[in-house]
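Notes follow the structure.
Along the sequence shown, residues carry numbers from 1. Numbering of ligands and ligand atoms starts at 1, following listing order.
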Amino acid sequence: MEFAEFADHIADIESLDSDIERCERVADLLAVAGDDLGTVVRFLLGRVFPAHRSTTLDIGPRRCYEALARAGGTNVSGDDVEARVATEGDIGRVAADLDLGGQQGLAAFGAGDRNALTVSEVDDRLETLAETAGEGSEQTKGDILFDLFNRADSLGAKYLARLVLEEMRIGVGEGTIRDATANAFDVPIETVEAALQVSNDYGLVAETARESGTDGLSEIRLVVGRPVQAMLAQTGTVNDAIDNWGAVVVERKYDGARVQAHYDGETVRLYSRNMEDVTEPLPEVVDGVEDSLSAPAILDGEVVAVDDGDPLPFQEVLRRFRRKHDVARARENVEVRLHAFDCLHADGTDLLEQPLVERHDRLTELVDPGDGVELSDPVVSEDPDEVAEIEAEALAAGHEGIMLKNPESAYTPGKRGQNWLKRKPDVETLDCVVTGAEWGEGRRAELLGTFELSVRDGDGHATVGKVATGITDAELEALTERLTEYIRAEDGAEVDIEPAVVFEVGYEEIQESTTYSAGYALRFPRFLGVREDKDPADADSLERLESLADSQ
Ligand code: AMP
């Protein structure tokens, strides 16, 4: 396809207001794109290279202005172009208005073939431009750009200029290309979507849809070195998880940045959640992954910054991502490591369809943890109390909380589905008075273990639950010592305690209940600490409990 014809199509598409019409016109263009289909798709999205490639053109506006000026003849300078862009606000319009072309002789030094410019030629020349490096490369890059502008017609120059500066902005997004692909080649949108999630290559997916339809699309496999969209999580409660799945896989929720590690047997590439290549800034993870694997694999995990083993806030990792220079120095200051929690591909086999527990098994078989790489530590549980314990431990260790995952679930790239839940954080905490307790059992018989919680109710108190979770042994000892002097009565293991100490308590939900005198019960209460600054008279009241319950 000639580039001028392509530009006509884009001008037409850009002029439309209706999304539906735009999608139809894009579908028409895809249908006639012939051998250029993959390139046309990328160019429509304003991309010279597929999203999964880390290659960039690296053409600054100034170089583009100079090349345009050169193609615009002796009366135009780079400064003129820059000034016009400042007024017009669009490099495309400025390029279209220049009287381009026909520069021969000296000005045309470096100019190529005089035949009409084609889409594939633009693609080839830009690829060459991106590969050009070393001595004299500035000149060569400038010559290539000049030649392209010099041979483009006015609309062609408009979209070429926007393309090279990554400012295409014609109202065609990934959703439009997905729908137009389905429309043009008569395949279901869901199949196109699924193929995109696995490959992230809009050109490849369009070509496959055209050549081999639905069957071909569902054959698209993972490729080591081509990032996959990350599976995402929703918020949810422990109870929802256990009710729906029976058993739940509980993992720590690491506070870092999502990273996918691809190892092809020789080299490691790392990709961020939005599939940017973050290999360079994370050398210790690269080394770690290389050392830990003996076969090709794609791992999913979270990169966390640590200081002496303790997690640092996630901003530290993001800072590292942005760092292009001086990685060695950054490495000395902040250590990062990958907590791998999933395995999408192992030694030639795609695992997306396999249940999570089996993917975890493969992960454990495949990865030999060491410096730079650790494995997540999943626990399969059916017991809400055990889950609450794990959560308390995770929080105490400085993690963000826990993730709850369906043990039987497949890996669904890009989907914020119901199979991965981040536990809903406690919305608000309650300050409750301790009005009773129970002695522990066995090794803990000398310690108070479970504490009865109450809210203020007029001059008295109303019970609302018991808490035993989230308290360390040291805290239990201190609390026992402190509360013993307030014990009013004992009946077996049960102890009646005079209101004196206020606990800050987290919970998942407030439910109506006949078990406690408040008429409500805290679901999964968790000890957060003693409110040293509060007397029993300052504890939360039944009214606040009621209003919190109402607002859930
Ligand atoms: P959020 O960013 O709040 O939507 O939470 C989901 C994110 O938590 C994921 O995209 C991961 O980056 C991160 N995460 C941390 N630990 C885990 C884990 N064990 N499993 C899955 N995702 C995790």
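- With ligand atoms numbered from 1 in the order given, ligand 1 contributes 17 (C), 18 (C), 19 (N), 20 (N), 21 (C), 22 (N) to contacts under 4.0 Å with heavy atoms of Met403.
- Using a 30° and 60° split on the angle between ring planes, His399 and His339 fall in the perpendicular class, above 60°.
- For atom 6 (C) of ligand 1, the nearest protein heavy atom (residue, atom name, distance) is Lys253 CE, 4.0 Å.
- Counting only heavy atoms of the protein, atom 10 (O) of ligand 1 lies nearest to Arg258 NH1, 2.8 Å.
- Only the side chain of Phe341 comes within 4.0 Å of ligand 1, counting heavy atoms alone; its backbone N, CA, C and O stay farther away.
- A salt bridge links Arg162 to Glu14: at least one charged side-chain nitrogen sits closer than 4.0 Å to a carboxylate oxygen.
- In this structure, the protein non-hydrogen atom closest to atom 3 (O) of ligand 1 is Lys422 NZ, 3.0 Å.
- Protein heavy atom closest to atom 16 (N) of ligand 1, with residue, atom name and distance, is Tyr254 N, 3.0 Å.
- Judged by the shortest distance from any of its heavy atoms, Lys405 lies inside the 4.0 Å radius around the atoms of ligand 1.
- Counting heavy atoms under 4.0 Å from ligand 1, residue Arg273 touches it through the side chain alone.
- Residues Glu335 and Arg337 are paired through a salt bridge, judged by an N-O separation under 4.0 Å between the basic side chain and the carboxylate.
- Of all protein heavy atoms, the one closest to atom 19 (N) of ligand 1 is Glu251 OE1, 2.8 Å.
- Across every non-hydrogen atom of Val455 and Ser541, the tightest pair is CB-C, 3.9 Å.
- Here the straight-line distance linking atom CG of Leu363 with atom CD of Glu365 works out to 9.5 Å at 0.5 Å rounding.
- Between Asp300 and Arg258 there is a salt bridge, since a side-chain N of the basic residue sits under 4.0 Å from a carboxylate O of the acidic one.
- In this structure, Lys405 forms a cation-pi arrangement with Phe341, its terminal cationic atom sitting closer than 6.0 Å to the ring centre and no more than 45° off the ring axis.
- For atom 11 (C) of ligand 1, the closest heavy atom belonging to the protein is Glu302 OE1, 3.0 Å.
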